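Read the structure below first, then the notes.
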Amino acid sequence: MSEVSGVMANAEIKPKFTHRAKKWSDGVENLYRFQQAGYRDEIEYKQVKQVDMVEYWPETGFVKKLQRRDNTFYYYNKQRECEDKEVHKVKVYVY
Amino acid sequence: MVEEKEGSGPSKPAGETSPQLQEPLGHVKKSKQQVSEGFTIKAMMKNTVVRGPPSAGAFKERPPKTTVFRKFYERGDLPIALDHDTKGNKIAWKVEIETLDYNSYLPVFFHGLCEMTFPHEFFARQGIHDMLEHGGNKILPVIPQLIIPIKNALNLRNRQIICITLKVLQHLVVSADMVGRALVPYYRQILPILSIFKNMNVNSGDGIEYSQQKRENIGDLIQETLEAFERCGGENAFINIKYMIPTYQSCILN
């Protein structure tokens, strides 16, 4: 299982502004998965859960597993889950 | 004087009255056909018509029974919770799937394939999907314990349950290495029902929640499942399938 290594997020990092996604992409898919679990994005997930790495599917690069704030686990499919009608609900945060 | 009489035959005696007047009793035998069951003394009589055989009920749905899955779920033994989101429903796991004991939990989820009511059938279906996705080599040792629940689900002869079970079987054979080969000895237990429904190309009419799979035609699903069995089952898969379903044609040899 390959995992993406990331830099430990600074606790003080907050987004400057946000906008809605207009078109689907791999990044939008991952943002959709984080937001389904109750987080803004990968940075907030690492801040809250104090983890270095997030599990991704090696074949597609999408998020595989996330732990929610109530400590239950969400498992995501290997393929795309975010439908076109859900894309406009995905928030993209800019730091 | 010629009197035209309707319905009167040429061989009627001269003393007989016209059909409109009252006929003398006992002079004309009406051939009244009787209906009787087969293989009885009455069936041997001349004016008896034998009733056809009763329906065997091969396609008739069997009544569902209480499953182990429901008992576990209501007791709270299953490590799952339901979460509603914009897309519908999603299952949240209380523990990591990788740490679950597959020997005890996977057969319980497979028993839930017999469920038809919400949320049991959703939990069973989604739970199986997640466990097969993340099981890896933990699935193979549990295969013998999954056969009875699969057989029970197929024996209910419910269209929706059969569709779901077939999709689960397709996922099962590709979920890990050697699982397809491990299923070959159990074909005689799970394929007879598929033989009955193989030519049933009717639309079940129910929507399936899986976004990837919207297939509902039982005949096509059975064909897909048998092809998946053949591809993943090794050298002996085709001959074993052919033994149980003689009308099946190979997708590899042809």
Side-chain angles (χ1 to χ4, degrees), chain A residues 1-4 20-22 24 26 28-41 45-46 48-92, chain B residues 73 76-102 105-106 109 119 122-139 164 167-168 170-177 207-215:
Chain A
M1 194 193 303
S2 68
E3 290 160 337
V4 173
R20 302 268 179 172
K22 288 180 184 168
W24 184 86
D26 287 358
V28 169
E29 173 72 27
N30 282 331
L31 280 172
Y32 172 77
R33 294 182 180 203
F34 279 109
Q35 286 164 25
Q36 267 212 319
Y39 304 97
R40 284 195 299 265
D41 50 17
Y45 179 74
K46 287 178 179 170
V48 172
K49 286 294 165 189
Q50 296 291 308
V51 292
D52 286 336
M53 290 171 278
V54 176
E55 285 187 42
Y56 289 87
W57 284 105
E59 294 89 353
T60 52
F62 297 145
V63 170
K64 184 176 179 182
K65 181 177 88 174
L66 292 174
Q67 190 174 21
R68 299 179 66 197
R69 294 170 196 267
D70 59 3
N71 293 329
T72 57
F73 291 90
Y74 259 12
Y75 286 86
Y76 296 95
N77 290 338
K78 209 181 294 186
Q79 274 71 37
R80 172 181 171 176
E81 283 196 12
C82 178
E83 296 171 14
D84 286 336
K85 61 181 180 182
E86 308 279 334
V87 169
H88 73 280
K89 296 179 188 172
V90 176
K91 292 182 186 174
V92 181
Chain B
Y73 174 73
D77 287 343
L78 295 178
I80 46 178
L82 189 65
D83 184 53
H84 299 278
D85 64 353
T86 54
K87 206 173 160 185
N89 294 317
K90 203 168 175 66
I91 189 173
W93 288 86
K94 293 178 190 168
V95 299
E96 291 183 270
I97 295 181
E98 292 86 356
T99 60
L100 269 182
D101 178 16
Y102 270 59
Y105 281 107
L106 193 58
F109 276 93
F122 169 73
F123 273 129
R125 189 161 31 92
Q126 191 66 36
I128 291 174
H129 172 79
D130 288 345
M131 289 184 81
L132 292 181
E133 281 280 317
H134 300 89
N137 56 0
K138 292 163 84 173
I139 299 172
I164 294 170
K167 289 170 191 172
V168 163
Q170 289 180 29
H171 192 181
L172 181 64
V173 293
V174 299
S175 60
D177 292 334
I208 308 294
E209 288 184 1
Y210 274 128
S211 60
Q212 301 162 355
Q213 299 153 348
K214 295 284 184 184
R215 306 184 305 273

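Owing to the predicted nature of the structure, the values given are computational and were not obtained by experimental measurement. Residue numbers begin at 1 in each chain, while the letters A, B, ... track the order of the sequences.
- Between A:Y75 and B:W93, the angle of the ring planes goes over 60°, which puts this pair in the perpendicular group of the 30/60° scheme.
- Residue B:I80 does not touch chain A at all, counting heavy-atom pairs closer than 4.5 Å.
- The CG atom of B:D130 lies 13.0 Å from the CZ atom of A:F73; values are rounded to the nearest 0.5 Å.
- For A:K91, the NZ atom is loosely surrounded, since the number of other residues' heavy atoms within 6.0 Å does not exceed 12.
- Here the side chains of B:E98 and A:K65 are in contact, with some heavy-atom distance below 4.5 Å.
- Checked against side chain to side chain donor-acceptor pair (under 3.5 Å), A:N30 has no partners two or more places apart in sequence or in another chain.
- Proximity to chain B (any heavy atom under 4.5 Å) is shown, for A:K85, by neither the backbone nor the side chain.
- In this structure, the side chain to side chain donor-acceptor pair (under 3.5 Å) partners of A:T72, at least two apart in sequence or on a different chain, are A:D70.
- Residue B:A81: no heavy atom, backbone or side chain, is found under 4.5 Å from chain A.
- Within a 6.0 Å sphere centred on CG of B:D77, heavy atoms belonging to other residues, nucleotides or ligands number more than 12.
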